[in-house]
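Every chain is numbered from 1, with letters handed out A, B, ... down the list of sequences.
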Number of protein chains: 2
Amino acid sequence: MNINPVSILKEHDLKHTKQRVRVLEEIALDSVAISQPDLEKKLGKEIDRVTLYRILNTYQEKGILHRIMDMNGTANYAVCTSSCSEDHHHDEHVHFNCTNCNKIYCLEVEAPRIKMPKGFTAKTVSSIAYGICEKCNAI
Amino acid sequence: MNINPVSILKEHDLKHTKQRVRVLEEIALDSVAISQPDLEKKLGKEIDRVTLYRILNTYQEKGILHRIMDMNGTANYAVCTSSCSEDHHHDEHVHFNCTNCNKIYCLEVEAPRIKMPKGFTAKTVSSIAYGICEKCNAI
DNA sequence: TAGTATATGCAATTAAATTGCATATACTAT
DNA sequence: ATAGTATATGCAATTTAATTGCATATACTA
């Protein structure tokens with residue numbers, strides 16, 4: 001993922017701190033979403049646990065990160081595409097959660113439009129496919 | 001929801017206990033999924049917390065209940081349609097999570113088939129639409 | 001560069017989930 | 001019916017996750 005943490009922070013009126021930059025860098029390393037526990041393991045010595053929580057919440061609210069819940073209710077984070085904003089997350093693509101390695105992929109597949117019943121108004125739709133990923137299938 | 005807890009238990013080779021029956025009854029009361037915290041509040045005095053965890057896990061594994069994770073990673077439970085089984089959850093319908101009242105509805109809408117990229121094999125797909133529900137829209 | 005607002009880290013608390021074990025309960029075969 | 005066996009339940013204790021309050025440190029503004 002090719003992002004510039006500093007300019008992302010500026011765009012969203014967030015103060016430039018080394019912890020915030022570090023978190024964004026770490027998450028952007030991989031196109032695969034990273035789980036909160038894994039992030040903690042990687043950053044645990046550099047960034048306080050509580051700070052990490054707060055940074056992740058801020059990023060999610062600002063539309064900088066997607067939060068994808070896996071089957072166990074664990075939060076996973078990935079960098080949003082540039083079109084996301086505070087009031088509208090454009091994460092209408094499909095996520096894929098491998099039931100073997102538990103990785104979450106952002107597929108380049110548009111989430112299909114779903115017709116809502118009368119009275120219901122949908123703002124966003126999250127589709128998660130569960131199965132076996134590329135790598136695990138190859139083994 | 002019109003179910004018979006006793007026969008459901010039999011079908012799945014589960015022992016008939018009053019706790020298991022009670023849990024099924026409670027969840028089947030409403031077509032809307034119920035959250036684990038709400039279940040605990042309702043059953044807390046009748047059923048031990050740990051037992052509830054275990055019953056819910058068993059039901060989910062056996063395909064008796066759907067587990068739907070909401071935005072906060074909280075588990076919500078609803079009765080599966082009769083076509084669910086241990087090896088294949090047929091919950092390919094869309095869920096709707098109201099961002100106002102936080103209720104989760106099982107919509108009578110089939111989840112659309114999604115084409116997977118090469119190498120990925122999907123077993124189930126879960127689609128959750130977020131927005132405002134019927135009731136909250138009416139207010 | 002001083003002043004101010006906000007982010008961070010630490011300590012403490014609260015809440016959620018898991019484990020082990022003794023007892024109680026449901027089912028099986030007699 | 002009943003004894004025996006397997007499994008479910010409830011309790012206590014533990015582990016893990018998440019939240020809150022507050023003092024200090026850091027980034028931005030004028």
| request: For Arg20(B), report the nucleic acid contact type (base, sugar-phosphate, nothing); a contact means any heavy atom under 4.0 Å. | output: sugar-phosphate
| remark: From CG of Leu56(B) across to P of dA8(D) the rounded distance in Å is 14 Å
| Side chain of Asn97(A), backbone of Tyr130(A): donor and acceptor closer than 3.5 Å? | no
| message | Can you identify which nucleotide, out of dA7(C), dC10(C), dT9(D), has its nearest atom closest to the Asp48(A) side chain? | response | dC10(C)
| Given atom CD of Glu46(A) and atom P of dC10(C), what is their separation to the nearest angstrom? | 14 Å
| query | For Thr51(B), which contact category applies under a 4.0 Å heavy-atom criterion: base, sugar-phosphate, or nothing? | reply | base
| task | Rounded to the nearest angstrom, tell me the gap between atom CD1 in Ile55(B) and atom C1' in dA8(D). | result | 8 Å
| task | Tell me whether the OP1 or OP2 atom of dA16(C) has a side-chain N or O from Arg49(B) closer than 4.0 Å. | result | no
| Where do His12(A) and Ile8(A) come nearest, in terms of heavy atoms and distance? | ND1-O, 3.0 Å
| said: Strictly distance-based, threshold 3.5 Å: is any side-chain N or O of Ser35(A) a donor or acceptor partner for the main-chain N or O of Asn76(A)? | reply: no
| note | With both pairing distances under 3.5 angstrom for Watson-Crick or G-U wobble, and | for a partner in another strand, the correct string for DNA chain C is ||||||||||||||||||||||||||||||
| task | May I have the distance from Lys10(A) (atom NZ) to dA27(D) (atom C1'), rounded to whole angstrom? | result | 12 Å
| Does a nitrogen or oxygen in the side chain of Gln19(A) sit under 4.0 Å from OP1 or OP2 of dT26(D)? | no
| field | Residues Leu56(B), Tyr77(B); criterion side chain to side chain contact (heavy atoms under 4.5 Å, CB included); working and verdict | value | CA-CA 8 Å; Leu56(B) 291 173; Tyr77(B) 293 91; 3.7 Å; yes
| task | Please determine, by modelled atom types, if Ser127(B) and Ser127(A) share a side-chain donor-acceptor pair under 3.5 angstrom. | result | yes
| query | In whole angstrom, what separates Lys15(B)'s NZ from dT7(D)'s P? | reply | 7 Å
| With respect to the side chain of Gln36(A), which nucleotide from dA18(D), dA6(D), dA27(D) is positioned closest? | dA18(D)
| query | To the side chain of His16(B), which of dT8(C), dT9(D), dC27(C) is closest? | reply | dC27(C)
| task | For the pair Arg20(B) (side chain) and Lys15(B) (backbone), establish whether a donor and an acceptor sit closer than 3.5 Å, ignoring hydrogens and angles. | result | yes
| said: The side chain of Val50(B) is closest to which nucleotide in this list: dA27(D), dG9(C), dT18(C)? | reply: dT18(C)
| query | When you match Asp13(A) and Lys18(B) each to their closest nucleotide on DNA chain C, which lands nearer the 5' end? | reply | Asp13(A)
| request: Can you figure out which of dT19(C), dA5(C), dG9(C) approaches the side chain of Arg54(A) most closely? | output: dG9(C)
| note | Whole-Å distance, Lys41(B) NZ to dA15(C) P, equals 11 Å
| message | If I compare all heavy atoms of Ile68(A) with all of Ala33(A), which pair ends up nearest, and what's the gap? | response | CD1-CB, 4.1 Å
| field | Whole-Å gap separating P (dA16(C)) and CG (Asn72(B)) | value | 12 Å
| request: Enter the distance from Asp70(A):CG to Ile104(A):CD1 here, rounded to the nearest 0.5 Å. | output: 5.0 Å
| query | Starting at the 5' end of DNA chain D and moving along, which residue's nearest nucleotide shows up first, Tyr53(A) or Leu52(B)? | reply | Leu52(B)
| query | In whole angstrom, what separates Glu40(B)'s CD from dA15(C)'s C1'? | reply | 10 Å
